[in-house]
Every structure is written in structure tokens, then in C-alpha cells.
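Inspection log for the structure reproduced underneath, given as C-alpha cells.
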Amino acid sequence: MNNPLLSPHDLPLFADILPKHVAPALAVLLAEADQALERAVSDAVPADYDAVSAVLDTASERLSAAWGAIGHLNAVADTPELRAAYTAALPQVTDVMTRHAADERLYNKYKTIAASGQVLPPARRRALDNAMRDFVLAGAELQGSARERFQKLQALQAELAQKFSENVLDATDCYIYIASADELAGVPGDVVQAARAEAAAEGHDGHRMTLHFPCYFPVLQYGKNRALRERLYRAYTSRASELGDPAQDNSAVMAELTALRQEEAQLLGYSHYAAVSLVPKMARTAAQVNDFLLGLARRARPHAERDLAELLEFARSELGLNDLQAWDIAYASEKLKEQRYAFSEQEVKLYFTEPKVLEGLFHIIETLFEVSIRPDEAPVWHPSVRFFRIERAGTLVGQFYLDPYTRSGKRPGAWMDVVRSRWRRPDGRLQTPVAHLVCNFAPPVAVDGVPRPALLTHDDVSTLFHEFGHGLHHLLTQVDDLGVSGISGVEWDAVELPSQFMENFCWEWDVLKRLTAHVDTGEPLPRALFERMLAAKNFQSGLQTLRQVEFSLFDMRLHAQPGRQQDIQALVDEVRSEVSVLKPPAFNRFQHSFSHIFAGGYSAGYYSYKWAEVLSADAWSAFEETARPDTGVLNVETGRRYRQAVLETGGSRCALDSFKDFRGREPTIDALLRHQGMA
């Protein structure tokens, strides 16, 4: 009764959850889940979709809520004790989930339901169809030793993915270099202040440099000291590899993980893992994805070659860098952009104070999607975390946690995660959705003893909007069936549509006026500065596109060409030679920290970012087409159509049908090429 993970409270008691609570809580919840399965497959429960779901969903929701809270804390508040508790529990949870997902008795019951001719609402029918597909992918049709091996593979893969994440986090957290003030010439003042404060907190003189992005990247972008740029670049791009601490080396983890995925695919009757990954996606084959990516690369390559030629000439003539190296790219690019467009990212950053950005973001959401956002209260895991509620006409729609700042023990990157989904419970009560929105922005720092709000780069602002797009997809759903509510059941290569769509607002003048207030004067972003930003929007877009294509091709080929895990570096080099114009140094080991595909669910799916950009750019065009002089792109009627066709339907129908419902036609690539300056 005293275990917060078993509490009947509506929201997780994050402030009370301790490592010692994990094992006892899961012992109860896993037993409940097994009991629910036995009841669901028994004669006591008829072969009726609602009857079976009522039994299973109640237990699975309790387990998902507790395990989700544990996993979330492991990602944002890692400690040795919590990591040990999570790692010890992972095999047990994986075992139960794997067994349930492939239970032959339950699969047969669902087959009976599917064959019965029972009339189900469209959303429920799609949930049933997805469940039937997922049973097959979970090994429900395997027998004997093949079934046992398949279940073992799931446990091994879960353990390896966790190990991959731990190695990246540890390699990031453990790096320390104390820099002098002279070495930090050119680095933005807030970054220098934060580095000095971190050093002082640990009893050091000077400035503590880390590999967390808000510290690392400003040094590469602005730092005049080339040796410091090289030092940090080498450390960052070789994290968790054989070039660092052997205890944190992900080389064997990657090879074993991809080999296990290949074995899983063969057990299921597929020639490679990419084919398994693509079953629930929009794209049908690895060849189709390969052709899509190479076609995009062909269009982008002339632009990328021009981008590189301009950068090399500028670095030689203006910066005296005749041998431009990887650690010079961001620095030289920033200097070229400053010269060409007469502004710097640091100048822009002074206008994007976090409170003003949030106020503007909330205004967009409230206007376009006809809701209101208000502060709310809930237990949190860190003092900087905030909690909000979304209402429409006084009725609760959903709630979300916002965890914006980087800190030790917090996984790098930005993400949206599910706390709970919208669901009409068996007793008729409506469970409203809750989400985590997590970023890693530089926290507020005091300047000369005076507190200042956190300052965001324009890229930070785009990241915030991106994650809120995922959040809106989860929170604004009107579907009551768990399996297809919110982002559940949405094809993975379409799930980025709402997130990338939201980024477009960051380039609208009428929007940015409300997002900005200079940290010292309170003045909004000047129109002239915005015009220079807009002119620079597609600066080096060719290089950026090829970089994404490189990552996506590496991922797809790693999982579509059996045996490539035996020499992953050779595959990386092969892809680079085929599509890249900017070759990283030989020591670059980006794949060793490529958490998206080795620990984040994007295996054989990283292409989804570019695939969904086609959809999101085309969807955004509808707002451009209906923009008005008085409201700009914040057209409520268009927002309502988008909300109802895309956001509210969630996974209750295929993403292409939702897109066509909104646009009235199939998507085209034209808008993407135009938006990226490659038309």
C-alpha cells in the first residue's frame, strides 16, 4: 500500500518513486498481467472483442503506467541505484510482454473474433486488424524451439538496447575538460557562464567543458580556439566507441544487436530485418525506401556540392583555413552565414527567451486547435519540470509534463513519450491522455548575479515545436480504443508528420513576433533581422539533406543486407562514398551513439524523417494557401480540418487516408523541394 508505483493516484507519484519500489511493484503487476491473460483465454470470457479487451487492457494499462514511469525516470534522472533496479527488472518485463504478444491461445481467440463477422466500429476494426498482424510479428505462429528462441531474442535485444543507451549516457557524462578563459574566446557568454558555474560547483577553477549539446556545439560554432574545437569534436564523435573507455564501447553491442534482429527476421520467414520493420509502415519494401532516398540524394547533390565549394573558398580566403577539417565546419559555416546574411545565431538567441517562446507556442495551439492551456499540478522528478492541462470548452482534453533543460543523468536529445493514452475504460469512464515533452536546452544562468531566463537558439525553438507536434498528435485524439488512440497504431514513417508540420510556424513573421522578446530590452525580433534569417533558412540545405540521407541509408542497408553487422564501419564508409560530399575523418564513430536505431525504435525506420517531410510540407501548404492578411497562417478553419482529419483520428485509419481527407489528394514532393530551396 505504500509503494507509489502501485498507487491508485491518477498520475505517477514521480517525487516518491525510489529504486527500492521497482521490484516489489513489478512482482505484483506482472502477476496481475499473467492472471488477466489466463482469464482472457478461458471459457469464462467469450470470443468478443470488447469482452477480451476489457480483461486485458485493465491489467496492461496498470503495468504500462508503472513500467513507463520507471523507464522515464531511468532516462531523465539516472542514478546507479535506479539503473540497477531497471536493468534487473528489464528481463522480467520483456518476458511477460513477449509471452503475451505471442500467446497462441489468445491469438486463436482473436482469430475467432475476426472470423465471426462481428460488426465493429472502424477504429475497433483497425485495432483488431493491427492486433492480428502484431501477433504474427511477435512469433505467435512459431512452434517449439523456434518459439522459445524467438522469446529469448526479445530479451537479449532489450538488454542490448539498454546497454547501448547506458554507454552513450556514461560516455557523455564522464567527459571533463577544464578550459581557461582564453581558450573560450568567441564562445557565447551564457555558455561560458554555465561552464564556469559547473567548474566551481565541482571545486575547479576555470570552465568545465562537457559533451552535452548546449555546451559542445556552441564551442564548435563560435569558438576561435581551433585546438579546443578539435578536442571536443574528437571526444564527441568517438563517444562509446573502441577509441574510448572499453567499458563504454558499443562496437560489440551494435554487431550483436543487428545479428539478433536478423535471426528474428529469419524465424518469422523474412529474408532480412528491414522487411519485418516495414510490415506496419507506409513504405512497402527496402528497395522502395532505397530508391526514395537515392532520388532525394540526386536532387540534393548539386546543391550540396555548391554549398561545400562556397564554404571551402570562404574558409581559405576569409579565415585562412586552407585545410578545412571536420571541427572547422560549424565555425566556418557560422562565419559565412554571418557575412552573407549579416546576423549570427547568438544575436537571434537573445530574442528567444523561454517564457516568451512558450507563451507564443501556446497561443498558436490555442488559436488553431480551439483549446486552452493552463498550468496544472502534479508530482515531478526535478524542480525545473512543469505540468500543464489542455481544455476545450472547460472539458479536460489532456495533460503534459515539460522537462526542458539538460543536466547530468539525463539522456541526450529531445523526445515525446506517452504517460497514458486516451481510453474509454470498461466501466465507461474516459481516461484522458498524458504526455512527456523532454528537451535538453541550456538552463537559465545568472549574469553578474542577475538571474536571466533560459535563452533558446532558433534550432532549439524548432525542436520544441517539433516535440509539441508529437504531443498534440497524442493529446488531441478523439479515439477511445487503446490500440489506435493518439500515436498508437500510426505508421512509423508517418508519425513525424505532425511534429515536422509544427516546425513551419518557426518561420512565420506573424508568429515570431509573439515568440520573441529581447532578454535585455523586451523588444520583439526586428523585421529586418527576421528577413535575414528567412534568407538564410535554406543555407547549406543540400549538405543537410545528404547528411540525413546518409544516416537513413546506413540504417536501412544495415538491416536489409544480412552480414553487414560484421563490419559496420565498412558499411558506413560505403554509404558515405556513395552519397556524401563532406567526408568525416576516419576516427568519426557517429554510429556508436546512433541511439535512434540501436535503442530508440527507429531500426530500419530512420528514413521516416525524410519520408514524413514530404507529408508535412504538403500539409503545411494548405495553411499557406488559406493564409489571410489579418490572421496569417493561423486560419482556424484550416486548423480545424487538420485537427479533425489528422490529429484526432490518431491510428484509427491508415495515415495516407488521413492525409487525403485533409488535402483531398495524394501527397507530392513538390512542397518539400520548394520549402528546402531545391525546387
Side-chain angles (χ1 to χ4, degrees), residues 175 177 179-192 195 207 209-239 241 243 300-349 457-459 532-533 535-551 572-573 576-577 579-590 677:
Y175 180 83
Y177 176 68
S180 67
D182 290 344
E183 288 179 288
L184 296 180
V187 177
D190 59 326
V191 178
V192 175
H207 305 76
M209 310 311 297
T210 75
L211 299 183
H212 290 284
F213 207 74
C215 175
Y216 161 76
F217 193 67
V219 173
L220 262 69
Q221 195 173 18
Y222 298 105
K224 295 179 181 180
N225 189 304
R226 196 182 191 196
L228 180 61
R229 295 201 306 266
E230 180 181 357
R231 176 188 289 271
L232 289 186
Y233 178 87
R234 283 181 177 273
Y236 187 85
T237 59
S238 60
R239 285 176 302 160
S241 76
L243 302 178
R301 191 175 187 88
H303 300 273
E305 290 172 339
R306 185 186 64 214
D307 291 341
L308 181 57
E310 290 175 347
L311 184 63
L312 290 171
E313 172 57 26
F314 174 81
R316 183 193 62 76
S317 61
E318 300 295 326
L319 303 177
L321 292 172
N322 295 317
D323 61 333
L324 194 72
Q325 298 295 325
W327 48 90
D328 302 320
I329 299 296
Y331 179 76
S333 296
E334 179 62 24
K335 293 299 182 186
L336 173 57
K337 187 164 66 171
E338 289 177 14
Q339 183 195 75
R340 178 176 294 175
Y341 303 107
F343 80 94
S344 73
E345 293 288 349
Q346 183 60 20
E347 178 186 4
V348 171
K349 182 178 177 180
T457 67
H458 190 255
D459 281 346
R532 296 198 295 274
M533 290 171 59
K537 177 185 177 186
N538 292 317
F539 178 66
Q540 297 184 344
S541 63
L543 287 173
Q544 292 167 10
T545 298
L546 287 191
R547 182 173 179 268
Q548 288 296 98
V549 169
E550 175 191 325
F551 292 176
V572 171
D573 295 339
R576 283 175 177 160
S577 66
V579 301
S580 301
V581 298
L582 195 59
K583 302 296 191 299
F587 63 77
N588 183 294
R589 296 288 187 271
F590 94 91

Lys/Arg-Asp/Glu bridge criterion (N-O < 4.0 Å) met for D323, R226:
yes
When you look at T545 and Q548, which way does the side chain to side chain contact (heavy atoms under 4.5 Å, CB included) test go after all the steps?
CA-CA 5 Å; T545 298; Q548 288 296 98; 5.9 Å; no
Hey, does R340 have a side-chain heavy atom less than 4.5 Å from the side chain of F539?
yes
Quick check for you: to the nearest 0.5 Å, what is the distance between L311 atom CG and L321 atom CG?
9.5 Å
Where P585 and Y233 come nearest, the two heavy atoms and their spacing:
CD-OH, 3.5 Å
Decide, yes or no, whether a salt bridge links E313 with R316 under the criterion of side-chain N to carboxylate O below 4.0 Å.
yes
Indicate yes or no for a side-chain donor-acceptor contact from Y331 to the backbone of R229 under 3.5 Å, with no hydrogens or angles considered.
no
Can you name the closest pair of heavy atoms from L324 and A315 and give their distance?
CD1-CB, 3.6 Å
I need the D307 CG to L543 CG distance, nearest 0.5 Å.
4.5 Å
G677 versus H303, closest heavy-atom pair with distance:
O-CE1, 3.8 Å
Could you tell me whether K349 and E345 make a salt bridge, using a distance below 4.0 angstrom between a side-chain N and a carboxylate O?
no
Hey, does E338 have a side-chain heavy atom less than 4.5 Å from the side chain of K335?
yes
Specify the closest pair of heavy atoms between E550 and S580, including all atoms of both residues, with the distance to one decimal.
OE1-OG, 2.8 Å
With a cut-off of 6.0 Å (strictly less than), are more than 12 heavy atoms of other residues, nucleotides or ligands near CZ of R301?
yes
How long is the span from the CD1 atom in I329 to the CG atom in L312, to the nearest 0.5 Å?
7.0 Å
Determine whether the aromatic ring centres of Y175 and Y236 lie less than 6.0 Å apart.
no
Measuring from atom CD of E334 to atom CG of L220, what distance do you get when rounded to the nearest 0.5 angstrom?
12.0 Å
Donor-acceptor contact below 3.5 Å, side chain N225 vs main chain L228:
yes
Pairwise distance OG1(T457) to CZ(F213) - rounded to 0.5 angstrom:
8.5 Å
Would a 4.5 Å heavy-atom cut-off, applied to side chains only, mark V191 and H207 as touching?
no
Which heavy atom of L232 sits nearest a heavy atom of L211, and at what distance?
O-CD2, 4.0 Å
For a 4.5 angstrom cut-off between non-hydrogen side-chain atoms, does M209 reach L184?
yes
Neighbour count above 12 (heavy atom, 6.0 Å) for K224 NZ:
no
Quick one: pull up OH in Y222 and CD in Q346 and give me the separation to the nearest 0.5 Å.
5.5 Å
Which residue in the set R576, R234, K583 passes side-chain hydrogen bond (donor to acceptor under 3.5 Å, both in side chains) when paired with N588?
R576
Which heavy atom of F587 sits nearest to which heavy atom of T237, and what is that distance?
CE1-OG1, 3.6 Å
Set out, in order, the CA-CA distance, both residues' side-chain angles and the distance that settles side chain to side chain contact (heavy atoms under 4.5 Å, CB included) for H458 and M533, then state yes or no.
CA-CA 10 Å; H458 190 255; M533 290 171 59; 3.6 Å; yes
Determine whether E183 and Y177 satisfy the following criterion, side chain to side chain contact (heavy atoms under 4.5 Å, CB included), listing intermediate values before the conclusion.
CA-CA 11 Å; E183 288 179 288; Y177 176 68; 2.6 Å; yes
